[in-house]
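Encoded as structure tokens, the structure appears first; notes follow it.
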Amino acid sequence: MVDLKNWLNQQREGGGLRSLRPVIRRGKGRLVLAEDPDRELIDFSSNDYLALAEHPALIAAAHEALSRFGAGSGAARLMSGDLALHHDLEEAVARLKGKEGALTFGSGYMANTGIIPALVARHDLIFSDRLNHASIHDGCRLSGARLVRFRHNDLNHLEELLKEKRGAGTPLIVVESIYSMDGDRCPLRELVELKERFGCLLMVDEAHATGVFGANGGGIIEEDGVGSGVDLAMGTFGKALGSYGAYVAGSREMIEYLLNRARSFIFSTALPPSVAAASLAAVQLIQQEPAFRQELHEKIAYFKTMLRNGGYSADLGPSQIIPFLVGKSGATLDKAGLLKKQGMFVTAVRPPTVPEGTARLRFSITRHHSTADIAQAAKALLEIMD
Ligand SMILES: *Cc1c(COP(=O)(O)O)cnc(C)c1O
């Protein structure tokens with residue numbers, strides 16, 4: 001057992017201690033913290049990229065499901081918690097991802113820690129990008145398979161490792177399409193080429209891409225046209241889709257297997273009806289309203305142009321997630337504090353979420369932000385980042 005007091009003190013001194021900050025009011029991309037109830041902050045920390053969490057279609061769908069089916073689903077899917085609504089949602093996701101079927105999970109964390117151990121075990125190999133999300137990493141660890149981590153987005157390194165280590169059996173390659181803390185994009189077409197050449201299974205986590213990329217919001221998988229080359233297209237409803245829960249899409253066989261083997265699916269209560277209904281409304285909405293996506297991308301481009309025009313020369317990446325590398329945890333917290341004084345809520349992302357020495361401010365642009373909000377953020381960043 002760790003020495004709690006000692007551990008907490010050490011974290012406090014190093015700027016690594018995390019704490020909760022309750023929000024007492026929120027809406028339209030703004031929030032008010034309990035610690036500072038007289039001030040409204042612009043939220044640059046949200047993953048609700050398309051502003052769907054407050055969209056009337058999601059709220060109405062949730063209300064209706066709540067009155068028809070109640071607050072909870074009452075049991076696991078394989079017991080009596082399996083609503084037709086869950087199947088409607090899974091069919092919609094399968095269509096969005098261009099796969100035969102899909103399966104929903106309680107959350108993205110549960111999906112990754114359920115799917116990976118269902119597919120690989122002690123004598124198998126996993127090739128995982130070094131910057132993969134903690135839920136992927138934990139899924140890999142839980143599986144007991146041999147974990148080989150390749151340098152971030154470095155397919156030469158992956159190929160080298162595949163040549164060197166790939167034995168019998170089918171290894172699993174797992175990546176994200178848009179990386180959650182760096183906002184950069186994986187070379188998906190080349191990955192598909194590699195996985196085919198080496199006979200591997202490919203799993204792609206589209207947590208930050210679904211809804212934001214692709215003509216129908218189907219993510220980088222759709223944008224790159226590689227649906228058939230991706231064996232497992234995983235993602236969450238909790239980010240651009242404005243709801244909660246997660247999914248994986250794949251072949252009919254894969255889905256039948258996972259619903260028999262993924263323990264986080266089997267041994268957990270089905271998603272509440274209101275949540276499943278909101279997610280379904282969101283999946284429909286992102287296909288019906290490409291203008292939402294376009295509006296978001298215009299805002300992202302505006303933010304990056306403001307920064308470049310102001311002389312900021314570091315790479316700003318291809319997505320709605322824009323990291324500003326600071327280095328030390330304490331200095332990052334200080335900068336987040338300065339931004340808060342100017343009315344902006346930004347998370348200081350620190351180890352262990354990111355590697356040691358790479359603490360950063362992580363900005364996310366959402367459809368809520370006005371041109372004035374974005375200009376204000378760019379101006380403040382230019383001041384604190386030199
Ligand atoms: C957020 C996230 C998850 C976890 O999804 P939740 O639904 O929030 O549990 C998984 N993978 C990636 C890449 C994420 O960013």
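First listed ligand is number 1; within each ligand, the first listed atom is number 1.
- Checked against a 6.0 Å centroid threshold, the rings of F237 and Y244 do not count as neighbours.
- Closest heavy-atom approach to atom 3 (C) of ligand 1 within the set H133, M181, M234: this belongs to H133.
- The atoms of ligand 1 that sit less than 4.0 Å from any heavy atom of S135 are 10 (C), 11 (N).
- Neither the backbone nor the side chain of A246 comes within 4.0 Å of ligand 1, counting heavy atoms alone.
- Taking the six-membered ring wherever Trp is involved, the centroid distance between the rings of F213 and H208 does not fall below 6.0 Å.
- Taking every heavy atom of Y109 and a limit of under 4.0 angstrom, the matching atoms of ligand 1 come to 4 (C), 5 (O), 6 (P), 9 (O).
- Within the listing of ligand 1, atoms 15 (O) sit less than 4.0 angstrom from a heavy atom of S180.
- Checked by atom type and distance alone, the side chain of T347 never pairs as donor or acceptor with a backbone atom of V349 at under 3.5 Å.
- Using a 4.5 Å heavy-atom threshold, the side chains of L162 and C200 count as touching.
- For the side chain to side chain contact (heavy atoms under 4.5 Å, CB included) with M234, the qualifying choice from E206, E176, M203 is M203, the only one to do so.
- When each atom of ligand 1 is checked for a heavy atom of E176 under 4.0 Å away, the hits are 13 (C).
- Using a 30° and 60° split on the angle between ring planes, F303 and F44 fall in the parallel class, below 30°.
- Heavy-atom contacts of K239 reach the following atoms of ligand 1: 1 (C), 2 (C), 3 (C), 14 (C), 15 (O) (cutoff under 4.0 Å).
- Near D205, meaning under 4.0 Å from one of its heavy atoms, ligand 1 places the atoms 10 (C), 11 (N), 12 (C), 13 (C).
- For ligand 1 and H208, the ligand atoms under 4.0 Å from any heavy atom of the residue are 14 (C), 15 (O).
- With Y179 as the aromatic partner, R185 does not meet the cation-pi criteria of under 6.0 angstrom to the ring centre and within 45 degrees of the ring axis.
- Atom 6 (P) of ligand 1 has G108 N, 3.3 Å as its closest protein atom, hydrogens excluded (heavy atom only).
- Under a 4.0 Å N-O distance rule, the pair K28/E40 does not qualify as a salt bridge.
- Close approach of ligand 1 to N112 (heavy-atom distance below 4.0 Å) involves ligand atoms 10 (C), 11 (N).
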